[in-house]
Amino acid sequence: MTKKQKKTLTRVIITGISFTVLMILDKTGCLNALPLLVKFILYFIPYLLIGYDVILSSFRNIAHGNVFDEHFLMMIATLAAFALSLLGDEAYAEALAVMLFYQVGELFQSIAVGKSRQSITAMMSIAPEIANVEKDGKVVETDPDEVQVGDILVVKAGEKIPVDGTVIEGESFLNTAALTGESVPRKASVGDSVISGCVNGEGVLRIRAEKEYEDSTVAKILDLVENASSRKARLENFITRFARIYTPVVTIGAVALALIPPLFGIGDLTWADSIRRACNFLIVSCPCALVISVPLGFFGGIGASSKLGVLVKGSNYLEAAAELDTLVFDKTGTLTKGEFRVQKVLPSDSMSELELLELAALGEGYSNHPIARSIRDAYGKADSLDFSRLTDSKEEAGHGITAKADGRELLLGNSALLQAHGITFDECKENGTIIYLASESKYAGCIVISDTVKAGASEAIQELKNTGVKKTVMLTGDRAGAAQAVAGELGIDEVRSDLLPADKVSAVEDLLKENEASGKKLGFVGDGINDAPVLMRADVGFAMGALGSDAAIEAADIVLMDDDIRKIPKVIRIARYTMRIVKKNVIFAIFVKLLILALSVFGLASMWAAVFGDVGVTIICIIFSMTTLKAK
């Protein structure tokens with residue numbers, strides 16, 4: 001409990017005791033002999049103790065032009081009740097009770113919000129406090145903000161890695177739980193990239209800084225966490241607009257209810273009766289239940305997601321995730337591991353397997369693509385290759401590479417590349433990614449490379465269908481045969497293959513048009529590196545393999561801090577549960593308030609009923625909203 005919450009609790013306890021004593025004295029008749037002004041003071045002192053901050057806040061808001069809010073309604077209603085008491089219609093107890101229970105509700109709300117924040121702000125603890133920089137043979141403790149690219153950092157056991165970098169000495173296991181939700185440590189050894197925020201489990205690591213703190217993973221994540229509340233859901237925006245219109249309207253209605261009946265003799269009401277009804281009307285009309293519970297519900301949903309190691313950038317994306325009907329997947333690195341291995345080497349009659357691999361490894365010499373690395377690994381002698389033999393190397397987007405090897409023209413890529421250059425070849429029927437090679441305008445052979453499906457991918461697809469996702473689609477640049485093989489293994493509904501990067505955007509555009517009529521949403525799941533345009537175009541972009549990927553953090557709406565796609569159906573379930581709770585809160589609060597408002601107009605609701613209509617309904621809605629934190 002915070003210092004402010006403890007202070008409020010102390011005021012509530014003191015006021016509660018005072019209120020109880022005054023009620024006992026009143027019921028036993030001990031206060032009857034006291035003058036009216038003395039009774040007024042006895043009740044007004046605890047009222048000021050419990051309500052001074054509400055009154056001050058109301059005046060402060062009025063000074064800034066923000067007149068109509070819940071503090072204003074509480075102040076006017078309770079002060080009007082005290083004014084009635086001076087006129088002989090004793091409403092001290094009700095006025096004090098209204099402010100007391102209002103503060104109880106506010107305290108409950110503050111504690112509830114604090115609990116909701118814990119799972120989100122726990123991520124704030126990933127921020128490193130210090131960085132040990134090695135300078136002139138000495139280790140100097142400095143602020144992470146002062147670390148420069150190229151600095152050598154010394155990270156001891158139990159310390160956080162301050163900035164993204166590369167291990168140059170040492171071996172350890174890193175605790176990534178705060179970032180990914182994973183309890184299993186990750187091994188880090190020389191040459192491995194490590195990211196800020198991870199905790200070194202054992203031993204000492206020497207790390208070369210690759211980024212400054214402001215560009216590192218931990219800084220980007222903290223920025224997302226801090227700004228998540230700024231992106232509001234449609235329902236939140238509606239409630240905000242509703243409260244701006246609703247509060248002035250009910251205030252004017254309460255004034256009319258207080259003045260019109262006695263002025264025009266409607267219902268033979270006295271001024272005291274009319275003002276009492278207006279006070280009840282004001283109290284129950286306070287929009288606290290809606291203004292508090294709706295954002296709190298979304299906050300709980302975002303908090304529940306963060307426990308899984310999933311960052312939701314705003315409640316609007318949680319709302320959209322609840323409406324997902326179609327989910328589109330990139331294949332490589334998302335559904336499959338992206339760990340390619342050469343399975344077969346099929347040379348033409350004029351070339352041996354080793355010669356074909358050598359030419360392919362030479363042609364892929366400047367590429368960092370996983371397929372290129374798999375070819376070099378299969379050749380096994382890539383370190384001994386003389387890349388000065390390779391000239392005029394050019395990449396043809398989506399097709400492959402053209403170059404000259406030892407002065408001979410070399411083509412290395414998919415079937416479209418060879419077709420574009422008019423080369424005759426036999427299409428390979430093997431499953432997998434096929435790399436064709438031609439030399440001096442003659443077909444030299446092909447290499448069959450396959451990727452492996454990720455563990456849990458099939459389970460994730462099935463779980464998505466169980467959550468209500470109607471359609472799953474896979475987009476890939478692979479040939480139809482290889483793509484269909486993966487889709488069949490996973491249970492994907494639709495496959496679009498042989499796509500260039502730009503074709504993926506077009507495919508998503510087509511699917512979005514199909515969804516327009518039903519009003520349902522489309523999500524895209526990609527690795528966040530080369531899929532940024534598609535991630536941004538989809539209604540909801542999920543970034544896969546996002547640990548340390550700047551592109552993923554920037555482009556995606558929901559960032560999975562590891563590459564476990566089994567978390568996607570869990571997030572969708574959380575989103576749908578959150579939306580159900582939020583909508584129930586809105587319906588319940590509006591129904592109860594309208595009912596008591598109507599009863600107040602006809603004098604059938606006491607001030608105690610008004611207290612329930614405000615504080616009681618608010619607390620009930622908060623309790624409902626808190627359940628979103630436990631959503632799974």
Can you tell me which residue pairs pass the salt bridge (charged side-chain N to carboxylate O under 4.0 Å, His left out) test with a partner in residues 344-363, sequence neighbours excluded?
Lys344-Glu430, Glu358-Arg389
Reported [atom1]-to-[atom2] distance for the pair [X] and [Y], which is rounded to 0.5 angstrom:
{"X": "Leu362", "Y": "Ile375", "atom1": "CG", "atom2": "CD1", "value": "11.5 Å"}
{"X": "Lys404", "Y": "Lys394", "atom1": "NZ", "atom2": "NZ", "value": "9.0 Å"}
{"X": "Lys307", "Y": "Ile574", "atom1": "NZ", "atom2": "CD1", "value": "9.0 Å"}
{"X": "Arg186", "Y": "Ser172", "atom1": "CZ", "atom2": "OG", "value": "14.0 Å"}
{"X": "Lys570", "Y": "Ser305", "atom1": "NZ", "atom2": "OG", "value": "11.5 Å"}
{"X": "Leu327", "Y": "Leu522", "atom1": "CG", "atom2": "CG", "value": "7.5 Å"}

Sequence neighbours left out, what passes side chain to side chain contact (heavy atoms under 4.5 Å, CB included) with Glu214? Give chain and number order.
Glu212
Under 3.5 Å, is there a donor-acceptor pair between the side chain of [X] and the main chain of [Y]?
{"X": "Asn200", "Y": "Gly203", "value": "yes"}
{"X": "Tyr317", "Y": "Ala556", "value": "no"}
{"X": "Asn515", "Y": "Leu512", "value": "no"}
{"X": "Asn414", "Y": "Ala416", "value": "yes"}
{"X": "Lys331", "Y": "Ala483", "value": "no"}

For a 4.5 angstrom cut-off between non-hydrogen side-chain atoms, does [X] reach [Y]?
{"X": "Val582", "Y": "Phe624", "value": "no"}
{"X": "Val194", "Y": "Thr166", "value": "no"}
{"X": "Ile195", "Y": "Ile161", "value": "no"}
{"X": "Val310", "Y": "Phe542", "value": "no"}
{"X": "Val540", "Y": "Leu324", "value": "yes"}
{"X": "Val453", "Y": "Leu490", "value": "yes"}
{"X": "Tyr436", "Y": "Leu411", "value": "no"}
{"X": "Val525", "Y": "Ile568", "value": "yes"}

Heavy atoms only: give me the nearest [X]-[Y] pair and the separation to one decimal.
{"X": "Ala460", "Y": "Pro569", "value": "O-CG, 4.1 Å"}
{"X": "Gly301", "Y": "Thr578", "value": "CA-OG1, 3.5 Å"}
{"X": "Val167", "Y": "Ser189", "value": "CB-O, 3.4 Å"}
{"X": "Gly491", "Y": "Thr472", "value": "O-OG1, 4.1 Å"}
{"X": "Leu475", "Y": "Ala507", "value": "CD2-CB, 4.0 Å"}
{"X": "Leu346", "Y": "Cys428", "value": "CD1-SG, 4.0 Å"}

Dump the intermediate steps for side-chain contact (heavy atoms from CB on, under 4.5 Å) on Asp557 and Val312, then the final yes or no.
CA-CA 7 Å; Asp557 306 315; Val312 181; over 6 Å; no
Salt bridge (charged side-chain N to carboxylate O under 4.0 Å, His left out) between Lys521 and Asp325, intermediate numbers included:
CA-CA 6 Å; Lys521 302 292 183 183; Asp325 179 78; over 6 Å; no
Any luck finding a side-chain donor-acceptor pair between [X] and [Y] under 3.5 Å?
{"X": "Ser506", "Y": "Asp503", "value": "no"}
{"X": "Ser216", "Y": "Asp164", "value": "no"}
{"X": "Asn585", "Y": "Ser625", "value": "yes"}

Stepwise side-chain contact (heavy atoms from CB on, under 4.5 Å) test for Leu359 and Leu437:
CA-CA 8 Å; Leu359 273 180; Leu437 191 141; 4.0 Å; yes
Could you walk me through whether Ser374 and Asp377 pass the side-chain hydrogen bond (donor to acceptor under 3.5 Å, both in side chains) check?
CA-CA 5 Å; Ser374 70; Asp377 290 343; over 6 Å; no
Looking at residues at least two apart in the chain, or sitting in another chain, which of them share a salt bridge (Lys or Arg N to Asp or Glu O under 4.0 Å) with Asp493?
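Listed in chain order: Lys465.
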Test salt bridge (Lys or Arg N to Asp or Glu O under 4.0 Å) applied to Glu489 - qualifying residues, sequence neighbours left out
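Once residues adjacent in sequence are excluded, Glu489 has no partner under the salt bridge (Lys or Arg N to Asp or Glu O under 4.0 Å) criterion.
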Please name the residue in the list Thr326, Thr334, Val508 that meets the side-chain contact (heavy atoms from CB on, under 4.5 Å) test with Phe524.
Val508
From CA spacing to verdict: salt bridge (charged side-chain N to carboxylate O under 4.0 Å, His left out), Glu459, Arg566
CA-CA 7 Å; Glu459 178 188 340; Arg566 287 171 291 192; 3.7 Å; yes
Do the charged groups of [X] and [Y] touch, with an N to O distance under 4.0 Å?
{"X": "Glu514", "Y": "Lys471", "answer": "yes"}
{"X": "Glu171", "Y": "Lys187", "answer": "yes"}
{"X": "Arg573", "Y": "Glu463", "answer": "yes"}

Ignoring hydrogens and angles, write down the donor-acceptor pairs under 3.5 Å from the side chains of residues 439-451, residues two or more places apart or on other chains.
| unit_1 | atom_1 | unit_2 | atom_2 | d |
| --- | --- | --- | --- | --- |
| Glu440 | OE2 | Glu409 | N | 2.7 |
| Ser441 | OG | Glu409 | OE1 | 3.4 |
| Ser450 | OG | Gln343 | NE2 | 2.9 |
| Asp451 | OD1 | Gly338 | N | 3.0 |
| Asp451 | OD1 | Glu339 | N | 3.2 |
| Asp451 | OD2 | Thr336 | OG1 | 2.4 |
| Asp451 | OD2 | Gly338 | N | 3.0 |

Less than 3.5 Å apart, which donor and acceptor atoms pair up between the side chains of residues 418-427 and the rest of the protein, not counting sequence neighbours?
| unit_1 | atom_1 | unit_2 | atom_2 | d |
| --- | --- | --- | --- | --- |
| His421 | NE2 | Glu396 | OE2 | 3.4 |

Before giving the answer on side-chain contact (heavy atoms from CB on, under 4.5 Å), spell out for Leu311 and Ile558 the whole-Å C-alpha distance, their side-chain angles and the decisive distance to 0.1 Å.
CA-CA 6 Å; Leu311 278 177; Ile558 297 177; over 6 Å; no
side-chain contact (heavy atoms from CB on, under 4.5 Å) assessment of Arg496 paired with Leu511
CA-CA 11 Å; Arg496 302 196 181 189; Leu511 291 165; 3.7 Å; yes
